[in-house]
Amino acid sequence: MVGDRKWASGAGVIATATAVAAAGAGVRWVWRHQDELMMRPPLNEWTFSHMSLLLPTETVPRAGRPSVLPRAPRPLEFTYEWDGATRTLSDLHARTHTTGFAVVHRGRLVHEAYPGRFAGPDRRLQLFSLTKSVTSVLVGIALEEGAIGSTDDKAVTYCPELAGSAFDGPTVEDLLHMSSGVGGKEDYEDPDAPVNRLMRAVTGQGGTVLEAVRSVRPHSEPGARFNYSTLDTQVLGWVLEAATGRTLAQYAAERLWGPIGAESDAYYALSRRVPRTAVGGGSFNATVRDMARLGLLMAHDGRWDGEQVVPQWWVARSRGAGLPRLEGSALGEAYPAHYGYSNQWWTLGGPHRAFTGLGIYGQFLWVDAEADVVVVKTSAWPVADDPALDGETVTALSALVAHLSADG
């Protein structure tokens with residue numbers, strides 16, 4: 001009996017130690033995979049609306065005098081065809097995991113909805129690569145002001161810390177059209193893809209952001225071919241900061257958020273390690289309504305309340321660069337045929353020459369100037385990139401624009 005008690009006691013200690021060790025291993029595993037876990041359902045919907053709790057940030061203050069976004073609510077009773085069935089707007093939200101949705105027609109907010117559990121009019125949402133289009137707008141303003149001399153300027157002229165790297169050669173123009181000739185495929189599933197090296201640096205798990213950018217190698221001559229890469233926009237953001245003497249947040253506040261009368265603060269998420277830096281291609285967080293204001297600015301040739309905020313010529317080239325290699329279906333097999341690319345925007349061609357900012361996990365800023373329609377859609381897709389969810393969204397938003405145009 002005594003021996004049995006000793007054995008039982010020893011077994012209990014071993015079991016407890018094993019449980020503690022297992023728990024410790026589990027904690028370590030969770031720590032190593034924290035970023036991956038936060039991007040998956042069911043956590044990602046919370047993550048995309050609470051980035052300020054996860055990373056350092058820099059605020060883009062709201063306007064001192066917020067502009068009025070006139071409201072004229074109306075039912076959106078349109079349908080679209082997808083996957084052999086007739087679908088409705090409610091179907092779109094459910095099937096494509098919409099968190100926030102707004103439609104502006106002829107300058108009026110005609111529809112607004114927040115199906116997401118954590119979304120709402122005041123909630124600032126992570127826009128991922130839609131940030132690239134914001135960076136483009138700021139670059140256009142800086143060019144018009146003369147802070148950036150020309151799109152033909154080499155990036156290294158503004159960023160000498162990139163001398164000797166693969167980015168010692170591409171011009172601002174190359175970066176704007178995702179044609180730097182640097183880096184590999186934007187593969188979110190490949191741990192060694194340049195974009196994931198960049199993200200590990202941002203989250204403090206792998207060197208500095210500069211080291212991540214300098215680590216990539218050239219694959220072709222600058223300007224020769226399209227290759228979507230967040231690192232191109234990261235460098236573009238650094239060019240903008242060096243040229244203006246302002247951080248992205250400061251310049252956005254002065255030249256964009258203030259002039260359009262944004263009603264809420266926005267913010268850029270920053271890298272955890274010093275020197276902290278914003279991800280110019282993927283860290284902007286803003287409300288749906290304020291992104292609708294930005295879309296309205298672009299739909300109206302860069303003018304807001306009589307002021308030319310963004311140069312008209314810059315808006316025009318964001319609708320299409322006129323380069324055959326960047327037209328729809330010409331980007332390559334890795335990209336949906338309905339998209340072309342220009343100036344850090346995805347172009348949709350056709351007679352309306354509509355264009356959209358895009359972010360992974362289903363973020364859209366759809367601008368159709370001819371129909372005078374802007375649509376903002378934030379989402380929490382289960383995966384970063386899903387061609388079926390993208391295709392259904394494009395089909396639905398095209399049908400929505402046609403419905404509004406026909407309805408007057």
Asker: Less than 4.5 Å apart, any side-chain heavy atom of Ser133 and any of Val137?
Answerer: no
Asker: Do side-chain atoms of Arg325 reach the backbone of Gly223 as a donor and acceptor pair under 3.5 angstrom?
Answerer: yes
Asker: Could you check whether any side-chain N or O of Glu45 sits under 3.5 Å from a backbone N or O of Arg117, counting only pairs where one atom can act as donor and the other as acceptor?
Answerer: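 Between the backbone of Arg117 and the side chain of Glu45 there is a qualifying donor-acceptor contact (under 3.5 Å).
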Asker: Got a second to check how far Thr99's OG1 is from His97's NE2, nearest 0.5 Å?
Answerer: 11.5 Å
Asker: Any side-chain donor paired with an acceptor under 3.5 Å for Tyr188 and Asp385?
Answerer: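 No pair is found: no donor N or O on one side chain lies under 3.5 Å from an acceptor on the other.
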Asker: With side chain to side chain contact (heavy atoms under 4.5 Å, CB included) as the criterion, how do Met178 and Gln344 come out once you've worked through the C-alpha distance, each side chain's angles and the decisive distance to 0.1 Å?
Answerer: CA-CA 7 Å; Met178 292 293 184; Gln344 301 279 308; 3.7 Å; yes
Asker: Ala243 and Ala147: which non-hydrogen atoms are nearest, and at how many Å?
Answerer: CB-O, 3.5 Å
Asker: Can you tell me how far the NZ atom of Lys132 sits from the CG atom of Leu175, to the nearest 0.5 Å?
Answerer: 12.5 Å
Asker: Is it true that the side chains of Asp390 and Tyr339 contain a donor and an acceptor less than 3.5 Å apart?
Answerer: yes
Asker: Answer yes or no for Arg317 and Trp314: cation-pi contact, defined as NZ/CZ to six-membered ring centre under 6.0 Å and angle to ring axis within 45°.
Answerer: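 Pair Arg317/Trp314 counts as cation-pi.
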Asker: Pair Leu365, Leu294 - check side chain to side chain contact (heavy atoms under 4.5 Å, CB included), show working.
Answerer: CA-CA 9 Å; Leu365 175 57; Leu294 176 58; 4.1 Å; yes
Asker: Would you say the side-chain atoms of Asp91 and Thr88 include a donor-acceptor pair closer than 3.5 Å?
Answerer: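 Yes, because at least one side-chain N or O of Asp91 sits under 3.5 Å from a partner of the opposite role on Thr88.
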Asker: Between Ile148 and Val239, does the side chain to side chain contact (heavy atoms under 4.5 Å, CB included) criterion hold? Intermediate values first, please.
Answerer: CA-CA 8 Å; Ile148 297 176; Val239 168; 4.3 Å; yes
Asker: Contact between Leu130 and Met291 at the side-chain level, heavy atoms closer than 4.5 Å - yes or no?
Answerer: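 Yes. Closest side-chain heavy atoms under 4.5 Å.
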Asker: Indicate yes or no for a side-chain donor-acceptor contact from Arg217 to the backbone of Val182 under 3.5 Å, with no hydrogens or angles considered.
Answerer: no
Asker: Do the side chains of Phe167 and Val156 get nearer than 4.5 Å, heavy atoms only?
Answerer: no
Asker: Can you name the residues that form a salt bridge (charged side-chain N to carboxylate O under 4.0 Å, His left out) with Arg108, not counting sequence neighbours?
Answerer: none
Asker: Does any donor atom in the side chain of Thr151 or Glu173 lie under 3.5 Å from an acceptor atom in the other side chain?
Answerer: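 There is such a pair between these side chains.
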Asker: Main chain of Leu248, side chain of Glu241: is a donor-acceptor contact present, judged purely on distance under 3.5 Å?
Answerer: yes
Asker: Measure the acute angle between the ring planes of Phe226 and Tyr341, then classify it against the limits of 30° and 60° as parallel, tilted or perpendicular.
Answerer: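 Taking Tyr341 first and then Phe226, their aromatic rings sit tilted (interplane angle of 30° to 60°).
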Asker: Measuring centre to centre across the rings, with the benzene-like ring taken for any Trp, is Phe284 within less than 6.0 Å of Tyr267?
Answerer: no
Asker: Mind checking whether Phe48 and Thr378 have side chains closer than 4.5 Å, heavy atoms only?
Answerer: no
Asker: Just by distance, no angles: are the side chains of Tyr114 and Glu112 close enough, under 3.5 Å, to form a donor-acceptor pair?
Answerer: yes
Asker: Can you tell me if Thr96 and Lys377 form a side-chain donor-acceptor pair at under 3.5 Å?
Answerer: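 Thr96 vs Lys377: donor-acceptor pair found between side chains.
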Asker: Quiz question: by atom type and distance under 3.5 Å, do the side chains of Ser49 and Arg124 form a donor-acceptor pair?
Answerer: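 No - no donor-acceptor pair under 3.5 Å links their side chains.
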Asker: Got a sec, which pairs hit side-chain hydrogen bond (donor to acceptor under 3.5 Å, both in side chains) with one end in residues 364-375, sequence neighbours left out?
Answerer: His300-Asp372, Arg319-Glu370, His352-Asp368
Asker: Using 4.0 Å as the upper bound for N to carboxylate O, is an ion pair formed by Glu254 and Arg246?
Answerer: yes
Asker: Do the ring planes of His111 and His93 sit parallel (below 30°), tilted (30 to 60°) or perpendicular (above 60°)?
Answerer: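 Rings of His111 and His93: parallel, under 30°.
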Asker: Pick out which of Phe364, Tyr228, Phe355 makes a ring pair (Phe, Tyr, Trp, His ring centres under 6.0 Å) with Trp346.
Answerer: Tyr228
Asker: Taking side chain as C-beta onward, heavy atoms only, is Val288 less than 4.5 Å from Leu125?
Answerer: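 Yes, close enough: below the 4.5 Å cut-off.
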Asker: When rounded to the nearest 0.5 angstrom, what distance separates CZ in Arg74 from CG in Leu109?
Answerer: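 One gets 12.5 Å once the value is rounded to the nearest 0.5 Å.
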Asker: Out of curiosity, Asp386 CG to Ile360 CD1, how far, rounded to the nearest 0.5 Å?
Answerer: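 Here the interatomic distance stands at 12.5 Å.
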Asker: Is there a donor-acceptor contact under 3.5 Å linking the side chains of Thr277 and Trp238?
Answerer: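 Side-chain D/A pair, Thr277 to Trp238: present.
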Asker: Answer yes if the side chains of Asp174 and Thr171 hold a donor-acceptor pair under 3.5 Å, and no otherwise.
Answerer: yes
Asker: Within a strict 4.5 Å, meaning less than it, do heavy atoms of the Trp304 and Ser67 side chains meet?
Answerer: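 A side-chain contact exists here, since the closest heavy-atom pair is under 4.5 Å.
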Asker: Do Val103 and Val374 have side-chain heavy atoms sitting under 4.5 Å apart?
Answerer: no
Asker: Answer with yes or no whether the side chains of Thr230 and Glu186 bring together a donor and an acceptor at under 3.5 Å.
Answerer: yes
Asker: Hey, is the main chain of Thr98 close enough, under 3.5 Å, to the side chain of Ser379 for a donor-acceptor pair?
Answerer: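 Such a contact is absent between Ser379 side chain and Thr98 backbone.
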Asker: May I ask you to check whether Gln126 and Thr47 show a side-chain donor-acceptor distance below 3.5 Å?
Answerer: no
Asker: Testing the 3.5 Å rule here: is there a donor-acceptor pair between the side chains of Glu392 and Tyr80?
Answerer: yes
Asker: Can any side-chain N or O of Tyr268 pair as donor or acceptor with the backbone N or O of Gly282 at less than 3.5 Å?
Answerer: no
Asker: Checking side-chain hydrogen bond (donor to acceptor under 3.5 Å, both in side chains) for the pair Asp153/Tyr158: CA distance, chi angles, key distance, verdict?
Answerer: CA-CA 9 Å; Asp153 291 350; Tyr158 299 89; 2.5 Å; yes
Asker: Nearest 0.5 angstrom please: Asp265 CG to Thr57 OG1, how far?
Answerer: 10.0 Å
Asker: Salt bridge or not between Glu211 and Arg197? Use side-chain N to carboxylate O under 4.0 Å.
Answerer: no
Asker: With the side chain counted from C-beta on, respond yes when Arg106 and Val110 share a heavy-atom pair under 4.5 Å apart, and no when they do not.
Answerer: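 Sidechains of Val110 and Arg106: no contact.
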Asker: First locate atom CG of Asn227, then atom NE2 of His177, and finally report the distance between them rounded to the nearest 0.5 Å.
Answerer: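 The distance works out to 15.0 Å.
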Asker: Going by salt bridge (charged side-chain N to carboxylate O under 4.0 Å, His left out), name the residues that satisfy it together with Asp290, two or more places apart in sequence or in a different chain.
Answerer: Arg293
Asker: One thing to verify: whether Glu263 and Arg289 come together as a salt bridge, which I'm taking to mean a side-chain N less than 4.0 angstrom from a carboxylate O.
Answerer: yes
Asker: Establish, from distance only, whether the side-chain atoms of Ser229 and Lys185 form a donor-acceptor pair under 3.5 Å.
Answerer: no
Asker: Report yes or no: does Asp168 contribute a side-chain atom to a donor-acceptor pair with the main-chain N or O of Leu162 at less than 3.5 Å?
Answerer: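 Pair absent, no side-chain N/O of Asp168 close to backbone of Leu162.
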Asker: Inspect the surroundings of CD in Glu221 and state if more than 12 heavy atoms from other residues, nucleotides or ligands are less than 6.0 Å away.
Answerer: no
Asker: Apply side chain to side chain contact (heavy atoms under 4.5 Å, CB included) to Val60 and Leu256, showing your working.
Answerer: CA-CA 10 Å; Val60 180; Leu256 184 60; over 6 Å; no
Asker: Going by atom types only, do Thr86 and Glu81 share a side-chain donor-acceptor pair under 3.5 Å?
Answerer: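 Result is yes, a qualifying pair exists.
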Asker: Between Thr233 and Thr135, do the side chains contain a donor N or O and an acceptor N or O under 3.5 Å apart?
Answerer: no
Asker: Tell me if a side-chain donor or acceptor on Ser271 pairs with a main-chain N or O of Val202 at a distance below 3.5 Å.
Answerer: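 No, the answer is negative, given that no donor and acceptor are paired below the 3.5 Å cut-off.
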Asker: Around atom CG of Asp190, are there more than 12 heavy atoms from other residues, nucleotides or ligands closer than 6.0 Å?
Answerer: yes
